[in-house]
Colleague: 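Following this message is one structure expressed as C-alpha cells.
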Amino acid sequence: MNNYFRITAYNKENDFSVILDSNGMFEQLWQFGQYLTQKGFEIIETSKEMNMLDINIIKAEFDKEHIFARATADGRPQNINQTTDGITYKAIKVADKIYIPDVTQRI
C-alpha cells in the first residue's frame with residue numbers, strides 16, 4: 001500500500017508554515033489532514049506520492065509512528081512557478097524547500 005503523503009500547512013496563531021510528510025502513519029490522506037486541522041493548522045496543499053514531484057526535498061523513510069517536518073518558515077507558504085525538464089508547474093516553497101504538489105497542474 002502506498003501511503004506516503006505530504007501536506008503544506010499554515011498556523012495562523014503562530015504565523016508559520018510547514019511542509020510535513022507521513023510515510024506509514026496514516027492509511028488515508030484525509031486522516032493526515034484531519035489530524036493537522038485538529039492541531040490548529042490550515043491545510044494549504046495536499047499530495048500523494050504518485051502525484052507530487054520533489055525539487056529539493058528528500059523523502060522520509062517508512063515510519064508508522066512519526067510525521068516528518070521537511071521545512072518550516074515564518075509566514076505563509078509561497079506559491080511559485082517551477083520549471084523542471086522544460087515544463088513549468090505550480091509549486092510550493094517553504095524556506096528553501098520546493099516541491100510540486102500535483103504534476104497535472106502545469107502552467
Side-chain angles (χ1 to χ4, degrees):
M1 173 183 275
N2 184 350
N3 56 357
Y4 193 108
F5 308 122
R6 178 170 292 153
I7 292 181
T8 302
Y10 173 71
N11 184 290
K12 183 177 181 178
E13 181 179 338
N14 297 301
D15 189 31
F16 75 96
S17 55
V18 294
I19 297 174
L20 300 169
D21 284 2
S22 169
N23 187 8
M25 187 170 171
F26 300 97
E27 291 292 321
Q28 301 291 324
L29 180 56
W30 67 265
Q31 294 168 316
F32 188 15
Q34 182 179 47
Y35 176 82
L36 294 175
T37 300
Q38 291 171 348
K39 300 293 183 190
F41 286 94
E42 171 191 347
I43 305 302
I44 304 299
E45 195 70 64
T46 64
S47 302
K48 294 181 179 180
E49 182 178 32
M50 68 185 114
N51 297 333
M52 70 181 173
L53 179 61
D54 288 315
I55 301 303
N56 64 348
I57 299 175
I58 298 170
K59 290 193 171 104
E61 296 294 322
F62 181 79
D63 187 324
K64 286 188 166 190
E65 298 179 14
H66 298 96
I67 295 170
F68 298 92
R70 307 328 259 159
T72 62
D74 291 336
R76 294 184 66 84
Q78 294 178 283
N79 292 304
I80 64 169
N81 295 335
Q82 177 69 38
T83 302
T84 302
D85 296 329
I87 301 169
T88 303
Y89 300 93
K90 293 181 180 181
I92 294 283
K93 181 177 181 183
V94 172
D96 66 340
K97 299 299 182 187
I98 301 170
Y99 77 100
I100 297 161
D102 184 351
V103 294
T104 66
Q105 292 193 7
R106 298 177 179 187
I107 305 293

Colleague: Does any non-hydrogen side-chain atom of Q82 lie less than 4.5 Å from one of I80?
Modeller: yes

Colleague: Assess the residue pair E49 and R6 against the criterion (side-chain contact (heavy atoms from CB on, under 4.5 Å)); give the C-alpha distance rounded to whole Å, side-chain angles, the decisive distance to 0.1 Å, and a yes or no.
Modeller: CA-CA 8 Å; E49 182 178 32; R6 178 170 292 153; over 6 Å; no

Colleague: Checking D102 now: which residues fulfil salt bridge (charged side-chain N to carboxylate O under 4.0 Å, His left out) with it, not counting sequence neighbours?
Modeller: none

Colleague: Is there a donor-acceptor contact under 3.5 Å from the side chain of S47 to the main chain of P101?
Modeller: yes

Colleague: How close do Q28 and Q31 get, counting heavy atoms only, and between which atoms?
Modeller: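 That would be N-OE1, 2.7 Å.
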
Colleague: Side-chain heavy atoms nearer than 4.5 Å, only ILVMFWY residues, links allowed to pass through others: does that put W30 and Y4 together?
Modeller: no

Colleague: Restricting to non-hydrogen atoms, name the atom on I98 and the atom on N56 that form the minimum distance, rounded to 0.1 Å.
Modeller: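 Closest approach of I98 to N56: N-OD1, 2.7 Å.
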
Colleague: Determine whether the aromatic ring centres of F41 and Y35 lie less than 6.0 Å apart.
Modeller: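 Aromatic pair excluded; centres sit 6.0 Å or further apart.
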
Colleague: Taking all atoms of both residues into account, what is the closest heavy-atom pair of N11 and N14, and its distance?
Modeller: OD1-N, 2.8 Å

Colleague: Tell me the salt bridge (charged side-chain N to carboxylate O under 4.0 Å, His left out) pairs involving residues 63-91, sequence neighbours left out?
Modeller: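 Of all non-adjacent pairs touching residues 63-91, those that pass salt bridge (charged side-chain N to carboxylate O under 4.0 Å, His left out) are D21-R70, E42-R76.
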
Colleague: Would you say the side chains of Y99 and T8 form a donor-acceptor pair under 3.5 Å?
Modeller: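 A donor-acceptor contact under 3.5 Å links the two side chains.
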
Colleague: Would you say that F5 contacts I7 through its side chain, given a criterion of any heavy-atom pair below 4.5 Å between the two side chains?
Modeller: no

Colleague: The test is side-chain contact (heavy atoms from CB on, under 4.5 Å); show your working for K48 and L29 and say whether it passes.
Modeller: CA-CA 7 Å; K48 294 181 179 180; L29 180 56; 4.1 Å; yes

Colleague: For F68, what are the other residues in its hydrophobic cluster, where any two members join if their side-chain heavy atoms are less than 4.5 angstrom apart?
Modeller: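 None; F68 is a cluster of one.
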
Colleague: Distance check, rounded to the nearest 0.5 Å: I87 atom CD1 versus L53 atom CG?
Modeller: 9.5 Å

Colleague: Applying side chain to side chain contact (heavy atoms under 4.5 Å, CB included) between F32 and each of I43, N3, L20, report the one that passes.
Modeller: L20

Colleague: Check for me, please, whether V18 and I67 land in the same ILVMFWY cluster - side-chain distances under 4.5 Å, paths through other members count.
Modeller: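 Same cluster: V18 reaches I67 through Ile, Leu, Val, Met, Phe, Trp or Tyr contacts under 4.5 Å.
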
Colleague: Taking atom CD1 as the centre, does I58 end up with more than 12 heavy-atom neighbours from other residues, nucleotides or ligands that are less than 6.0 angstrom away?
Modeller: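 Counting neighbours around CD1 of I58, 12 or fewer heavy atoms of other residues, nucleotides or ligands fall under 6.0 Å, so no.
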
Colleague: Does N23 reach the side chain of E61, with side-chain heavy atoms less than 4.5 Å apart?
Modeller: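 No. Closest side-chain heavy atoms not under 4.5 Å.
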
Colleague: Between atom CG of N79 and atom CD of E45, what is the distance when rounded to the nearest 0.5 Å?
Modeller: 7.5 Å

Colleague: Of all heavy-atom pairs between K97 and I19, which one has the smallest distance, and what is that distance?
Modeller: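 The pair with the smallest heavy-atom distance is O-CD1, 4.1 Å.
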
Colleague: If hydrophobic clusters are built by linking Ile, Leu, Val, Met, Phe, Trp and Tyr wherever their side-chain heavy atoms come under 4.5 Å apart, do I55 and Y89 end up in the same one?
Modeller: yes

Colleague: Taking the side chain from S17 and the backbone from G75, do they hold a donor-acceptor pair closer than 3.5 Å?
Modeller: yes

